[in-house]
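The next block holds one structure in the form of structure tokens; read it before the comments.
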Amino acid sequence: MTDRKIVDSRSFYSAMLSVVIVMIAVGIVSPHINLKVLKDLGLFWVSLLTLGFMIARSYSSLLHASLYELLSPKITGVIGLGLIIFCYTMYLFLPTFLYPLIRLLEGFASGLFWPLMQSLLMNGVSPNWRSRMMSIYFLIGNVSGFIGYQVGSLIIYFLGKNLLVYSGILILLIYTIIYALIAPGGKTAYISKKKTRTSLSIILNETRYIKPLVPIIFLVGGVNGLMKDYLFAYLKIITGYEEAELRNYWSIIGYSGLLLSIVASHIQESLQKTRSVLVVFTAFTLSVIFLPFTKDPLLVFIILVLTIVGTRTLRPILRGLASNKTSKPEIGIALVNSLSNLAAGTLPFIIGLFSLIM
């Protein structure tokens with residue numbers, strides 16, 4: 001018998017289409033919010049955006065496994081998308097100092113939506129393909145996010161900054177309808193075929209299975225948190241670029257890192273030595289610690305590219321390992337996402353607080 005790669009097409013295509021469309025919308029809106037907070041309130045407040053977002057996402061990512069069993073992947077996904085749209089609408093009408101609170105709710109919505117998409121992907125492919133498909137999923141998501149940055153540049157050039165958030169809302173409204181049509185729904189569409197509910201206590205109890213992975217999960221999560229908001233705003237301070245130019249500069253860094261990460265992934269697959277791969281790409285991820293010591297554009301470029309290669313390579317490996325170690329794949333996904341998001345919120349806040357004091 002041949003090993004089928006895709007075993008549940010609705011789950012698979014719902015996850016893959018979501019990561020493209022929603023990440024483009026996020027890439028359009030999120031950088032604009034970051035720079036607006038930087039301009040009005042300062043870099044420390046940018047770290048508060050990430051802190052609130054990630055803490056809320058860490059909590060809600062633990063709920064998604066129980067929630068989709070109580071409802072369905074379709075309803076849970078629509079709730080997540082609806083809350084993101086609501087948050088984007090609030091950015092249009094509320095003052096800047098309330099943005100961290102809005103981002104808190106956006107993080108809660110994101111914690112419902114993205115772990116669900118990753119669980120759908122895990123359910124949609126055979127176990128032997130989970131790590132590889134997760135790697136492809138994150139690659140597509142990252143590329144889509146950088147495309148969103150550049151689409152935002154085009155919107156600024158031709159339509160003006162005022163339409164950035166409106167564009168993101170429109171894209172998400174249209175996609176919510178599409179998702180409701182294609183996503184798995186109903187009582188027979190549970191990601192887990194078991195009829196038992198996945199309680200929060202069961203999820204937390206299975207942390208013991210992934211203990212050796214926890215330090216690396218925290219490192220990768222923390223650096224990803226810096227890449228989300230803080231470093232983009234930090235580059236604005238270093239370069240002085242206007243928003244459109246800064247978006248393009250950040251995208252070039254991102255594309256370069258992703259291209260090299262593809263090469264790194266091929267090397268990782270050929271070596272089949274998980275421990276060695278973890279050590280090498282953890283070192284790449286740690287290269288971000290050299291960023292405060294230079295303002296040279298070339299060195300900044302190299303540091304950030306290496307950081308992207310490290311985190312981009314480690315993220316799918318960690319989720320694949322965790323999903324195979326826990327009793328159900330969605331529990332491993334929930335745990336890795338929760339721990340990663342906790343680290344992603346904490347590290348930028350600590351660095352932002354330290355810079356404020358200094």
Side-chain angles (χ1 to χ4, degrees), residues 6-26 29 53 56-90 102-125 133-134 137 141 144 168-204 319 323 326-338 341:
I6 301 176
V7 296
D8 184 339
S9 60
R10 294 191 72 177
S11 293
F12 176 79
Y13 291 114
S14 295
M16 297 305 288
L17 187 59
S18 292
V19 79
V20 173
I21 303 300
V22 180
M23 284 304 297
I24 288 176
V26 171
V29 175
F53 182 93
R57 180 169 172 169
S58 177
Y59 172 71
S60 61
S61 65
L62 290 175
L63 298 179
H64 92 279
S66 299
L67 188 59
Y68 73 64
E69 290 178 350
L70 179 64
L71 302 173
S72 70
K74 178 179 293 186
I75 296 175
T76 305
V78 168
I79 290 172
L81 288 169
L83 286 174
I84 295 173
I85 293 170
F86 175 77
C87 292
Y88 284 5
T89 305
M90 290 301 98
I102 302 173
R103 190 59 73 85
L104 190 73
L105 180 59
E106 186 184 343
F108 182 85
S110 182
L112 293 179
F113 187 76
W114 290 119
L116 173 63
M117 294 305 105
Q118 293 164 29
S119 295
L120 283 173
L121 182 65
M122 289 298 186
N123 188 64
V125 299
M133 282 298 180
M134 188 61 75
Y137 168 90
S144 299
I169 292 172
L170 179 61
I171 291 171
L172 290 181
L173 281 172
I174 294 172
Y175 182 65
T176 301
I177 298 173
I178 296 173
Y179 178 84
L181 294 174
I182 66 173
K187 294 183 179 180
T188 60
Y190 296 143
I191 297 175
S192 172
K193 302 306 179 182
K194 299 179 180 180
K195 298 301 181 181
T196 55
R197 293 284 171 82
T198 307
S199 67
L200 186 59
S201 61
I202 292 175
I203 295 173
L204 293 175
R319 282 160 176 79
S323 67
T326 51
S327 62
K328 292 190 285 187
E330 59 267 23
I331 292 179
I333 294 295
L335 284 171
V336 175
N337 276 286
S338 180
N341 293 333

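We count residues from 1, following the sequence as given.
The structure places CD1 of Ile21 at 7.0 Å from OH of Tyr175, a figure rounded to the nearest 0.5 Å. The CZ atom of Phe53 sits 13.5 Å away from the CD1 atom of Ile102 when rounded to the nearest 0.5 Å. Rounded to the nearest 0.5 Å, atoms OH (Tyr137) and CD (Gln118) are 4.5 Å apart. Rounding to the nearest 0.5 angstrom, the gap separating the CD1 atom in Ile171 from the CD1 atom in Ile85 is 11.0 Å. Taken to the nearest 0.5 Å, the OG atom of Ser60 stands 12.0 Å off from the CD1 atom of Ile79. Atom CG of Leu17 and atom OH of Tyr179 lie 10.5 Å apart (nearest 0.5 Å).
For the pair Val78 and Ala180, the tightest heavy-atom approach, listed with the atom from each and the gap, is CG2-CB, 4.2 Å. For Asn123 against Ser11, the heavy-atom pair with the smallest separation is ND2-OG, 3.5 Å. For the residue pair Ser14 and Ile182, the shortest heavy atom distance occurs at OG-O, 3.5 Å. The shortest heavy-atom contact between Tyr88 and Gly168 is CD2-C, 4.3 Å. When all heavy atoms of Leu83 and Ala109 are compared, the pair lying nearest together is CB-CB, 3.4 Å.
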Does Met122 form a side-chain contact (heavy atoms from CB on, under 4.5 Å) with Met134? I'd like the steps, not just the answer. CA-CA 8 Å; Met122 289 298 186; Met134 188 61 75; 3.1 Å; yes
Please lay out, stage by stage, how Val19 and Met117 fare under the test side-chain contact (heavy atoms from CB on, under 4.5 Å). CA-CA 8 Å; Val19 79; Met117 294 305 105; over 6 Å; no
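Arg10 places a side-chain N or O within donor-acceptor distance of the main-chain N or O of Ala183, the cut-off being under 3.5 Å. Judged by distance alone, the side chain of Lys74 and the main-chain N or O of Pro184 form no donor-acceptor pair under 3.5 Å.
For the pair Leu112/Leu116, no side-chain contact is recorded, criterion being any heavy-atom separation below 4.5 Å from C-beta on. Within the 4.5 Å cutoff, the side chain of Thr76 has no heavy atoms near those of the Phe113 side chain. The side-chain heavy atoms of Val7 and Val125, taken from C-beta on, include no pair separated by under 4.5 Å.
Residues satisfying the salt bridge (Lys or Arg N to Asp or Glu O under 4.0 Å) criterion with Arg103, sequence neighbours excluded, are Glu106, Asp229.
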